[in-house]
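Structure first, commentary second.
Because only heavy atoms are used, hydrogens play no part in the values below, and waters and symmetry mates are left out as well, while side chains stay in. Per chain, numbering begins at 1; letters A, B, ... match sequence-line order.
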Amino acid sequence: MLHIINRSPLSDTALESCLNTATGGDVLLIEDAVYAATTGNAYEGKLRAAMGKFKISVLRPDLEARGLADKLIEGAAFVDYAGFVELVAANKTCQSWL
Amino acid sequence: MSDIKKFMFVNRKAPYGTIYALESLEVVLITAAFDQDVSLVFTDDGVYQLKKGQQTKGIETKNFSPAYRALEDYDVEKLYVDQESMQARGLAVEDFLVNVTVLSRAEMGALMDEQDVILSF
Amino acid sequence: MKFGIVVNEGPYQHQASDSAYLFARAAIEGGHEVWRVFFYHDGVNNASKLTEPPQDDRNIVNRWTKLAEDHKVDLVVCVAAAMRRGIREENLAKGFRISGLGQLVESGIKCDRLVTFGD
């Protein structure tokens with residue numbers, strides 16, 4: 001399954017709930033969730049710890065817009081909107097953690 | 001019957017502060033009317049939607065919580081509450097206005113994997 | 001592949017409708033079909049033809065209209081949500097239509113994938 005998160009983990013529990021609940025699969029960080037995948041943020045450790053179980057992707061235009069494209073943590077992959085579409089197509093279901 | 005899909009509605013938001021809980025419930029009822037296989041999940045602040053004793057007179061807003069009781073009339077009987085979320089809010093099953101199945105995080109994740117369509121508002 | 005999209009937030013206030021639009025466009029460019037976009041909650045405000053952003057900003061409403069015209073995307077605004085928020089036939093932008101929540105359920109049934117954008 002593809003899990004889509006759009007909120008910063010420093011102000012919302014969506015990412016935390018997703019990582020604690022889902023059995024694995026793809027996690028795509030979009031909008032304000034991209035902050036989760038930047039070096040030095042307080043959630044970095046938890047996201048890194050989840051990398052064995054989940055494949056983490058980050059929507060590049062959203063990270064670029066926020067001035068942090070050079071801060072992507074190791075192990076997370078950039079995707080553009082075409083890549084977002086491919087992730088949706090490749091997974092049988094997708095869930096937006098709103 | 002290929003036209004019957006497993007729909008899951010994931011409720012993560014508390015009632016009244018925003019309209020999401022109410023409008024989500026409206027979708028649930030319509031989905032049931034389409035004879036789909038419907039499950040409802042209440043997790044994080046979504047568990048507050050089910051609290052007994054909601055009194056909305058003072059905020060001059062319609063109390064929509066009785067509608068959760070009407071769900072079974074629409075054959076919506078799969079209601080799941082995340083145990084951790086419930087406990088973190090000082091709630092127990094007795095506090096809820098409907099019968100629910102309490103699931104661990106792992107059980108909830110497994111249930112999500114069985115779905116065809118997952119909606120969250 | 002046949003995609004359905006749900007938009008739960010209004011334009012400009014929240015990035016959801018921008019993300020939904022850019023996703024829809026990428027899906028079409030990738031050879032997929034965007035069968036329907038369903039606007040719910042404050043998302044119904046995406047359909048107001050009274051919207052007038054500053055000239056140097058994107059026009060979110062017109063962008064949806066053009067997507068519908070160019071690619072036969074069915075833009076459906078939930079009637080109950082629209083009534084609550086003052087979206088009527090009178091101020092409905094071109095390419096949108098007002099209909100019931102059943103159209104959202106139908107998207108879930110008929111589409112291969114349903115992607116929700118919200119808060």
If you round to the nearest 0.5 Å, how far is CD1 of A/Ile4 from CD1 of B/Ile118?
11.0 Å
When only pairs under 4.5 Å are counted, which of B/Met112, B/Gln115, B/Met108, B/Met8 shares the most heavy-atom pairs with chain A?
B/Met112
Considering only heavy atoms, which portion of A/Ser17 lies under 4.5 Å from any heavy atom of chain B: side chain, backbone, both, or neither?
both
A/Tyr43 atom OH, neighbour heavy-atom count above 12 within 6.0 Å
yes
Please report the closest heavy-atom contact between A/Ser96 and B/Ser120, naming both atoms and the distance.
O-CB, 3.2 Å
With a cut-off of 6.0 Å (strictly less than), are more than 12 heavy atoms of other residues, nucleotides or ligands near NZ of B/Lys51?
yes
Between A/Thr93 and B/Val117 the two heavy atoms that sit nearest each other are CG2-N, 4.4 Å
Counting heavy atoms not belonging to A/Lys92, are there more than 12 under 6.0 Å from its NZ?
yes
Should the heavy atoms of other residues, nucleotides or ligands under 6.0 Å from CZ of A/Arg66 be counted, would the total exceed 12?
yes
With the side chain counted from C-beta on, respond yes when A/Asp12 and B/Arg12 share a heavy-atom pair under 4.5 Å apart, and no when they do not.
yes
Is any side-chain heavy atom of A/Leu98 closer than 4.5 Å to one of B/Lys13?
yes
Crowded around A/Glu64 CD? As in, over 12 foreign heavy atoms under 6.0 Å?
yes
Please classify the contact between A/Cys18 and chain B as side chain, backbone, both or neither, with a heavy-atom cut-off of under 4.5 Å.
neither
Within a reach of under 6.0 Å around CG of A/Asp70, are more than 12 heavy atoms found that belong to other residues, nucleotides or ligands?
yes
Counting only heavy atoms closer than 4.5 Å, note whether B/Asp44 contacts chain A via side chain, backbone, both or neither.
side chain
Considering residues, nucleotides and ligands other than A/Lys46, do more than 12 of their heavy atoms fall under 6.0 Å from its NZ?
no
